[in-house]
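Working notes for the structure below.
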Amino acid sequence: MAESNAESNADWMGSLPAALRSYPLSNLAIPGSHDSFSYWVDEKSPVGPDQATAIKRLARISLVKKIMKKWSVTQNLTFKEQLEGGIRYFDLRVSSKPGEIGQEIYFIHGLFGIKVWDGLKEINTFLEQHPKEVIFLDFNHFYAMDDSHHFFLINRIHSAFGSKLCSVECVEYVTLEYMWEKKHQVLIFYHYPLYQEYPFLWPGNKMPAPWANTTNVHKLLQFLETTLEERSRYGTFHVSQAILTPRVKTIARHLIRGLKNTLVHRNLPMILNWVKAQKPGVMGVNIITSDFVELVDFAATVIALNDLLLEDDESASTS
């Protein structure tokens, strides 16, 4: 992403036209990243509990871990760089480290990433500097965690963001104006029953993210169309996962090339064309996620879709 473009996207929510500030956030087009934290994974740590036993055995060979890294990394940019580039939704998978004393929680995607606490602090620093930007943190996969780990993580979330956390509310009430008035900047989605005990944890079912699970770009785009048509008209946000998922045989055939060179580079232009043809709104796109968000003007393309809502407003007022 060009530096000037990234800079201009750091405050894109605060810069939206006044007419869009009263739109529910569920009706705006918002760029997100898939496996948002995977820009750094630790080859030296054990393979994560999210992997099958056979993979754990294989990974005792150092070359296998190097190959896993090529297929585990789905982003090149840090949280700060993604935020500066306009990304506002983060897809988060977390785990304890089996055998480690204490309740420390790490990001995970095949291999362990950074401590969640370090990521939350990095995000909060950005929010302090950009008080009109709003982010969505979607904790959707938990591994090797009992309730004590969850309590530890939830306390970390509260310590990091404090009064910036937006309590659960009717989705349609949550507009930029609402968030700014209350000085909230963070919505946490927590896919585990303990969310019920905390007013600032939104249930996972308020952030559905249907997954195509395909290597075929045509099947992916058809899936995205179908799931948008089935989107709930009210009461939830919606994630369109514009990502391709490698099969075992894909990885075996292209071991050394990795995800970016095998699936992403080749198909990004078609995926981006699909994004350009979308429209936000009640039955339109809301959050759109991608791998390697910096490879094309992904965030800028998604953000620009919001201009279509203004055109709707103008045509409604002139008719």
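All values derive from a computational prediction rather than experimental measurement.
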Q) Of all residues at least two apart in sequence or in a different chain, which pass the side chain to side chain donor-acceptor pair (under 3.5 Å) check with T226? A) Q222

Q. Can you name the side chain to side chain donor-acceptor pair (under 3.5 Å) partners of S22, sequence neighbours left out?
A. none

Using a 3.5 Å cut-off and no angle test, enumerate the donor-acceptor pairs between side-chain atoms of residues 197-212 and protein atoms at least two apart in sequence or in another chain.
| from | atom 1 | to | atom 2 | distance (Å) |
| --- | --- | --- | --- | --- |
| W202 | NE1 | C166 | O | 3.0 |
| K206 | NZ | G235 | O | 3.1 |
| W211 | NE1 | T245 | OG1 | 2.9 |

Q) Is there a donor-acceptor contact under 3.5 Å from the side chain of Q82 to the main chain of I87? A) no

Q: Check for a donor-acceptor pair, side chain of R233 on one end and backbone N or O of M283 on the other, with a separation under 3.5 Å.
A: no

Q.
Any carboxylate oxygen within less than 4.0 angstrom of a Lys/Arg side-chain nitrogen, looking at R93 and D35?
A. yes

Q.
Looking at D118 and K121, is there a salt bridge between them, counting it only when a charged N and a carboxylate O are closer than 4.0 Å?
A. yes

Q | Those residues that, when tested against N155, pass side chain to side chain contact (heavy atoms under 4.5 Å, CB included) (two or more places apart) | A | none

Q: Pick out which of H149, H150, H141 makes a ring-ring contact (aromatic ring centres under 6.0 Å, His included) with Y192.
A: H150

Q. What pairs with F90 under ring-ring contact (aromatic ring centres under 6.0 Å, His included), at least two apart in sequence or on another chain?
A. F79

Q: Sequence neighbours left out, what passes ring-ring contact (aromatic ring centres under 6.0 Å, His included) with Y178? Give chain and number order.
A: none

Q) Taking a hydrophobic cluster as the set of Ile, Leu, Val, Met, Phe, Trp and Tyr residues connected by side-chain heavy atoms closer than 4.5 Å, whether directly or through intermediates, do V239 and V282 fall within one such cluster? A) no

